[in-house]
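Note sheet for the following structure.
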Amino acid sequence: GAKFGNGSPSAQNSAPYGGAISIKTGLLNISNSDFTVNSADLYGGAIYSTGTLSFGDGVTFSGNTAVNGGAVCISEDGTISGSSSPITFSRNSATYGGAVYSVSGSSINLLTYADFLNNSAAYGGAIFIAGEHSQSTFVLDSTRHYSFSGNTALSDGGAVYTMNADILVDGLDVNGASNSAGEGGGFLRSGGNIIIRASSFSGQRAKFGGAVYSVGDATITNSDFSGN
């Protein structure tokens, strides 16, 4: 498989946009590839994309850094999609979105399998979603097979932070995974309207809202919060 970066900070790939790869338009298919210790001054420590980014089997991102999106940043009308094999994001870091930063009409809703492990940021330890004109909805449900463990935010959203974006959480289990935030939302900080149904949260930690911190309207049904 392909490898981008060799794990040595002194020999890493680096750029302002996409430390390893930047894609403007079109489709980029990636499989059996490792992105390790790449960095970007601004967006996407490993990848910056405004096109279509499609992941196949055997893709990992580890130790990548940026200001926005430690591993991946998608912007404008860009999308990310994934296969039935988990994409692994581990120990990536950023100011916004330790692993993934999505902004300006882009979408990660087609990414169906992903593991987010020990990523860190000031806002959104694993994922930061900045919607466009409050018209975006980020979906976390049982069809997407996401796992979040050990992600941390210095400020808000230990695992996920949304801004000007609604969020639907449906059938998600985040139990004993120890995501944490210094301020609000050990697992999730929502900056739009939020619907949570048939989900469970335990072991999340924060100063305000051990599991969830919301600054918009919230509707919660048939869900369990315990040991946060």
Side-chain angles (χ1 to χ4, degrees), residues 69-71 80 82 86-94 96-102 107-131 134 136-228:
I80 296 179
I87 311 306
T88 300
F89 297 90
S90 67
R91 302 188 184 281
N92 303 286
S93 62
Y96 301 93
V100 176
Y101 181 88
S102 173
S107 174
I108 69 171
N109 282 337
L110 296 178
L111 180 62
T112 51
Y113 281 78
D115 295 330
F116 297 91
L117 311 172
N118 302 308
N119 301 286
S120 61
Y123 303 91
I127 298 173
F128 187 102
I129 305 290
S134 301
S136 299
T137 299
F138 176 46
V139 179
L140 283 174
D141 66 15
S142 58
T143 69
R144 281 165 177 77
H145 305 285
Y146 288 2
S147 68
F148 298 88
S149 181
N151 301 289
T152 60
L154 183 65
S155 185
D156 298 328
V160 178
Y161 185 111
T162 66
M163 180 176 69
N164 295 332
D166 295 338
I167 182 167
L168 169 63
V169 180
D170 188 3
L172 186 71
D173 293 324
V174 186
N175 296 309
S178 301
N179 301 288
S180 63
E183 292 294 325
F187 175 73
L188 167 67
R189 185 274 190 191
S190 173
N193 298 322
I194 180 171
I195 297 173
I196 298 175
R197 59 193 183 210
S199 297
S200 61
F201 301 87
S202 67
Q204 315 303 302
R205 299 286 183 267
K207 184 177 180 180
F208 302 100
V212 176
Y213 180 86
S214 176
V215 296
D217 294 337
T219 302
I220 300 173
T221 57
N222 301 317
S223 295
D224 180 61
F225 295 80
S226 62
N228 297 292

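Since the structure is predicted, the reported quantities are computational estimates derived from the model, not experimental observations.
In this structure a side-chain-to-backbone donor-acceptor pair under 3.5 Å is present from Asn193 to Asp217. For the pair Thr152 (side chain) and Gly158 (backbone), a donor-acceptor distance under 3.5 Å is absent. A donor-acceptor pair under 3.5 Å is absent between the side-chain atoms of Arg197 and the main chain of Val169, judged by distance alone. Judged by distance alone, with hydrogens and angles left aside, the side-chain atoms of Asn92 form no donor-acceptor pair with the main-chain N or O of Asn119 at under 3.5 Å.
Atom CD1 of residue Ile80 and atom CD1 of residue Ile87 lie 9.5 Å apart, to the nearest 0.5 angstrom. Put simply, CZ on Phe225 and OG on Ser200 are 9.0 Å apart, with the number rounded to the nearest 0.5 Å.
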Check step by step if side chain to side chain contact (heavy atoms under 4.5 Å, CB included) holds for Phe187 and Asn228.
CA-CA 10 Å; Phe187 175 73; Asn228 297 292; over 6 Å; no
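Residues Asp170 and Ala198 share a closest heavy-atom pair of OD1-CB, 4.3 Å. The shortest heavy-atom contact between Gln204 and Gly210 is CB-O, 3.2 Å. Closest non-hydrogen pair, Ala114 versus Phe89, comes out as CB-CE1, 4.4 Å. The two residues Gly184 and Asp156 have their closest heavy-atom pair at N-OD1, 2.7 Å. Among all heavy-atom pairs drawn from Ser190 and Ile167, the shortest one is OG-CG2, 3.8 Å. Minimum heavy-atom separation, Asn109 to Val139: OD1-N, 3.1 Å.
Note on ring orientation: taking the six-membered ring where Trp is involved, the planes of Phe116 and Tyr146 are perpendicular (angle over 60°, cut-offs 30° and 60°). Taking the six-membered ring where the residue is Trp, Tyr161 and Phe128 present parallel rings, their angle staying beneath 30° rather than reaching 60°.
Side-chain contact between Asn179 and Val160 is absent, with no heavy atoms from C-beta onward closer than 4.5 Å.
Partners of Ser147 according to the side chain to side chain donor-acceptor pair (under 3.5 Å) rule, which considers only residues two or more places apart in sequence or in another chain, are Asp115.
For Phe201, the CZ atom is densely surrounded, since the number of other residues' heavy atoms within 6.0 Å is greater than 12.
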